[in-house]
Number of protein chains: 2
Amino acid sequence: MKELKHRSTCPVSTSLDVLGDRWTLLILRDMVFAGKSTYGQFLQSAEKMATNILADRLAVLEAQGLLTKAVAADKKSKFTYRLTEKGVDTVPILVEFILWGAKHCPTIIDPGLLAELQTEKDATVAKYQQRAREQALA
Amino acid sequence: MKELKHRSTCPVSTSLDVLGDRWTLLILRDMVFAGKSTYGQFLQSAEKMATNILADRLAVLEAQGLLTKAVAADKKSKFTYRLTEKGVDTVPILVEFILWGAKHCPTIIDPGLLAELQTEKDATVAKYQQRAREQALA
DNA sequence: GCATAATACTTGCAAATTGCAAGTAAAAAC
DNA sequence: GTTTTTACTTGCAATTTGCAAGTATTATGC
């Protein structure tokens, strides 16, 4: 069980204690926007996460209740990671990171998604949250 | 000049390259919600940031154009840090961290601010952004 | 005008974390 | 029954963090 030290009672600080590093939110991004759910899929993202870091972060996210781990339906040698409601609730955070990065950094992003986020943020957030919930039932 | 490596062209990833650590967003939080502007003030927050980390992060934030550094109006031995528009644009990110932390972690937060964020998020974001812009002119 | 305090860092070093490469183990495919 | 797939674990060097102490410039008090 991965323990976690909380530095203060401030909600920004406690959120950062869980999510504040270079990799954790990328895993959640891959689940929400790319529909990924397995260790092997997470390893294939453009940022090339090291295998030990991925294993560590998945363990933290599971211990903190943002995702669940279960044996895959098709193969016993495979695990499927799914978002809990606590994990689904990080979608608004991911969206704000997308909007900030798209505005202020050199990035490449699907223009359709960006336009959707800029004009109908709340509905788009809700759409991806609903999609994640439905995957969790599958 | 603090350089920064970008791991990919994904906007979440590039945002994390700048903001993805345990301390950076706490500095921005202190500027936006506590009106702090000096090195000494940042050191006094509940999370007890080490002096070298603070100096490093302020340099990164300045190099990345999220804040500006200037000699204080009252004392030549003091510096005043202010948010640029790029910095002001992180307020929605901070707000989502507040809401997630307040919902899912044990935290203490001003009930007035929380209620305001829950019922009138956009207006509250705009209010704190405007406040930060006005401080930058002072 | 000189000692003390305030302000903003910098430096040194041990401990923790990260990143890379290679190795392991169970299940699946051929 | 050998090879491949899948999910890790391990070892180790390099980087980052965290703590304590030191430095440098400006301001204050007598």
Side-chain angles (χ1 to χ4, degrees), chain A residues 1-8 13 16-27 30-31 34-64 67-82, chain B residues 1-8 13 16-27 30-31 34-64 67-82:
Chain A
M1 175 75 171
K2 290 271 172 186
E3 300 247 331
L4 215 115
K5 199 176 87 183
H6 283 276
R7 294 168 293 173
S8 81
S13 166
L16 287 172
D17 290 335
V18 180
L19 304 169
D21 77 297
R22 285 182 157 61
W23 298 108
T24 302
L25 285 168
L26 293 185
I27 297 174
D30 284 348
M31 296 184 80
K36 295 184 184 177
S37 62
T38 67
Y39 186 90
Q41 288 177 324
F42 296 133
L43 280 184
Q44 282 160 31
S45 54
E47 295 85 9
K48 300 291 170 204
M49 188 168 357
T51 57
N52 53 347
I53 307 283
L54 174 58
D56 179 81
R57 293 306 183 279
L58 286 172
V60 171
L61 286 171
E62 194 192 358
Q64 294 300 313
L67 47 79
T68 56
K69 180 182 182 176
V71 174
D74 53 337
K75 288 185 185 181
K76 278 183 194 168
S77 65
K78 232 166 106 179
F79 291 103
T80 299
Y81 294 92
R82 296 293 183 203
Chain B
M1 175 76 171
K2 291 271 169 186
E3 301 245 332
L4 216 117
K5 199 175 85 183
H6 283 277
R7 293 168 294 173
S8 81
S13 166
L16 287 172
D17 290 336
V18 180
L19 304 170
D21 77 297
R22 286 184 156 60
W23 298 108
T24 302
L25 285 168
L26 293 184
I27 297 175
D30 284 347
M31 296 184 78
K36 295 185 184 177
S37 62
T38 68
Y39 185 90
Q41 289 177 324
F42 296 132
L43 280 184
Q44 283 158 31
S45 53
E47 294 85 9
K48 299 290 171 205
M49 186 166 1
T51 58
N52 54 347
I53 307 283
L54 174 58
D56 178 81
R57 293 305 184 280
L58 286 172
V60 171
L61 286 171
E62 193 192 358
Q64 294 299 313
L67 48 80
T68 56
K69 179 183 183 176
V71 174
D74 53 337
K75 287 186 185 181
K76 278 183 194 167
S77 66
K78 235 166 106 179
F79 292 102
T80 299
Y81 294 92
R82 297 293 183 202

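Numbered from 1 within each chain, the chains take letters A, B, ... in sequence-line order.
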Checklist entry - Could you go step by step and tell me if A:Gln41 and A:Thr38 meet the side-chain contact (heavy atoms from CB on, under 4.5 Å) rule? => result CA-CA 5 Å; A:Gln41 288 177 324; A:Thr38 67; 3.2 Å; yes

Checklist entry - What's the CG-P distance between B:Asp21 and C:dT18, to the nearest Å? => result 11 Å

Checklist entry - Are B:Lys36 and B:Ser45 close enough that some pair of their side-chain heavy atoms sits under 4.5 Å apart? => result yes

Checklist outcome for this item: A:Lys78 NZ to D:dT5 C1', in whole Å, measures 10 Å

Checklist entry - Just how far, in rounded Å, is P of D:dT9 from CG of A:Leu54? => result 11 Å

Checklist entry - Any side-chain N or O of B:Tyr39 less than 4.0 Å from the OP1 or OP2 oxygen of D:dT25? => result no

Next on the checklist: Evaluate B:Asp17 against B:Lys5 for salt bridge (charged side-chain N to carboxylate O under 4.0 Å, His left out), listing each step before the verdict.
Outcome noted: CA-CA 7 Å; B:Asp17 290 336; B:Lys5 199 175 85 183; over 6 Å; no

Item to check | B:Lys48 or A:Thr38, whichever maps to the more 5' nucleotide of DNA chain D | outcome: A:Thr38

Item to check | Any B:Arg57 side-chain N or O less than 4.0 Å from OP1/OP2 of D:dT17 | outcome: yes

Checklist entry - Taking atom P of C:dC9 as reference, at what distance in whole Å does atom CD of B:Gln41 sit? => result 13 Å

Item to check | Phosphate OP1/OP2 of D:dA7 contacted by A:Tyr81 side-chain N/O (<4.0 Å) | outcome: no

Item to check | Rounded distance in Å - CG (A:Leu26) to P (C:dT18) | outcome: 13 Å

Checklist entry - Distance only, no hydrogens: is a donor on one side chain within 3.5 Å (strictly under) of an acceptor on the other, for A:Ser37 and A:Thr80? => result no

Checklist entry - Whole-Å distance between D:dC8 C1' and A:Met49 CE? => result 14 Å

Item to check | Candidates D:dA7, C:dC20, C:dA8 - which lies nearest the side chain of A:Asn52 | outcome: C:dC20

Checklist entry - Would you say C:dA6 has OP1 or OP2 under 4.0 Å from some side-chain N or O of B:Lys75? => result no

Next on the checklist: Looking at C:dG19, I'd like to know if its phosphate oxygens (OP1 or OP2) sit under 4.0 Å from a side-chain N or O belonging to A:Trp23.
Outcome noted: yes

Checklist entry - Picking from C:dG19, D:dT5, C:dC9, which would you name as closest to the side chain of B:Phe79? => result C:dC9

Checklist entry - Rounded to whole angstrom units, what separation is found between the CG atom of B:Leu4 and the P atom of D:dT16? => result 11 Å

Checklist outcome for this item: Of C:dT10, C:dA22, D:dA7, the nucleotide closest to the side chain of B:Thr51 is C:dT10

Next on the checklist: Can you measure A:Asp74 atom CG to D:dA7 atom P for me and round it to whole angstrom units?
Outcome noted: 10 Å

Next on the checklist: Applying a 4.0 Å non-hydrogen cut-off, can you work out what B:Lys69 is touching in the nucleic acid: base, sugar-phosphate, or nothing?
Outcome noted: sugar-phosphate

Checklist entry - Relative to A:Phe79, does A:Lys69 satisfy both conditions: NZ or CZ under 6.0 angstrom from the six-membered ring centre, and within 45 degrees of the ring's axis? => result yes

